[in-house]
Amino acid sequence: MNQANSSKLTTKISEKGLRYDLTVPFARYVVQYQNDITFPFRRYQIQPVWRADRPQKGRYREFYQCDVDIIGSDSLLNEVELIRIVDQIYHNLGISVVIKINNRKILSGIAETIGEADRITDITVAIDKLDKIGLERVNEELLQKGVSGEAVLKLQPILQLNGTNEDKLNQIEQVISGSETGVKGIAEMRTIFNYLASMKLEIEVEMDLTLARGLNYYTGAIFEVKSKDVEIGSITGGGRYDDLTGIFGLSGVSGVGISFGADRIYDVMSQLDLFPKEAITSTQVMFVNFGEAEERYILPLLYRLRAAGISSEIYPDRDKMKKQMIYANKKGIKFVALAGESEIAGGMVNLKNMESGEQSLIKAEDLVSVVSRKLD
RNA sequence: GUGGAUGUAGCUCAGGGGUUAGAGCACUGGAUUGUGGUUCCAGGGGUCGUGGGUUCAAUUCCCAUCUUCCACCCCA
């Protein structure tokens, strides 16, 4: 097999059905171990998943997802818990985000109300593009997909919602009050917002009717998180699924889950330069390598530093000192320890602070205590 | 799958039918025998993606092919 057709093979294989998400396999797992699991069952899972499409910006063939799910409970408290997790995680990462919430029942209610219940997919796919292509083209697309002009007209107030989350819910309610499902969806949203009102969130929560999220298996709340500073699409998404386990033979088990896209989050953080410097440079002390005898003198000192919890390394090659210093400098190592012939003779170590350039001759036995004091 | 770009030094990119293809960064040596960050000097490094065609001459023009990227479709 040559290189040319190996890449074609890859495409073929990836189209044949690899693991596209962690939620469906999770449902299978739950069904398989239903007798061993205690419900409500919670778990998180971090694993690579694949996409068969051509890769492009922010869209990878293989990427890591971090899933959190709670299954076997239909309490809306679980939705609230997930929102809380999102809130804490992005706050801790220092990424400024907005979490958008919608509800599949409301979307169904809308389709029902305008008399196009069976066109829900076309309708939501079109609505989803609202902020991307604008109202006019969304309407065009709806008509083109075969949604009646009358229905499109009825849809207009919903497409132009504004105000607070509560305002939006009130406006939608007026339109879809005839739909039992829709009304239920609105009640769910209100419950969630009520819970959220009782806690202090760091991130912004926004009711967004244009949020559709594929919607194959979602039945209630749906979530999506977007970075406010980086244009990259959604970095986290999820929702409530009432019968995902049904396809594997276990019905009546509702769950809700959310999935963080690790690679996109990484992209956002690296574009915003949010990775702390300590995360990049870990070595605090580097020993210069002068030769074999010096290596033997240094090794016990190195291990003593490490035992004291100070990240240290010895430059592995006997390169010119200048090169070793350049290495330490580029890595942002704070201290360089020098022990050559003269230091060894006196049982000493020369400790150089790479930031100030200041250098002090200390007893080898004092190295650990001196370094830990200076690192404070 | 559709459309548009791209491929030249390790990296980011400039250039151009005709002796020896350039820059910045990186790398190596020196000014500095055991001292980095700022300087200064010198040096190494290229099958110009691959295959074919046009031409006296192709890295440059044409065709094909592959790669990567961007957008659309889609987003499990």
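Note on naming: letters A, B, ... go to the chains in the order of the sequence lines (proteins, then strands), and numbering restarts at 1 for each one.
- Between the CZ atom of A/R59 and the P atom of B/U68 there is a distance of 17 Å, given to the nearest Å.
- When the P atom is compared between B/G24 and B/C41, the two are found 11 Å apart, to the nearest whole Å.
- With a cut-off of 3.5 Å on both Watson-Crick or G-U wobble distances, the partner of B/U39 is given as B/A31.
- Phosphate proximity of B/A71 to A/Q56: present, with a side-chain N or O under 4.0 Å from OP1 or OP2.
- Counting to the nearest Å, the P atom of B/A76 and the CG atom of A/D67 are 13 Å from each other.
- The hydrophobic cluster containing A/L305 also includes A/V285, A/F287, A/Y297, A/I298, A/L299, A/L301, A/L302, A/Y303, A/I310, A/I314, A/F335, A/I344, A/V349, A/L351, A/I362, A/L367, A/V368, A/V370, A/V371, A/L375, under a criterion of side-chain heavy atoms closer than 4.5 Å among ILVMFWY residues, counted directly or through chains of members.
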| query | Reading nucleotides 27-35 of chain B 5' to 3', which nucleotides get B (base under 4.0 Å from a protein heavy atom), which S (sugar-phosphate only), which -? | reply | SSSSB--BB
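- Counting non-hydrogen atoms of neighbouring residues, nucleotides and ligands closer than 6.0 angstrom, the CD atom of A/E136 reaches no more than 12 such neighbours.
- When both distances must be under 3.5 Å, the Watson-Crick or G-U wobble mate of B/U19 does not exist.
- Looking at A/N165, its side chain does come within 3.5 Å of a backbone N or O of A/M207 through a donor-acceptor pair.
- For A/E141 and A/K145, the salt-bridge test passes: some basic side-chain N is under 4.0 Å from an acidic carboxylate O.
- Contact of A/N329 with B/G36 (side chain to base): a donor-acceptor pair of N or O atoms is detected under 3.5 Å.
- Between A/D21 atom CG and B/A76 atom P there is a gap of 8 Å when expressed in whole angstrom units.
- Residues in residues 149-158 of chain A take part in these side-chain hydrogen bond (donor to acceptor under 3.5 Å, both in side chains) pairs, two or more places apart or across chains: A/N139-A/Q156.
- Using the Watson-Crick or G-U wobble rule with both distances under 3.5 Å, B/G3 pairs with B/C70.
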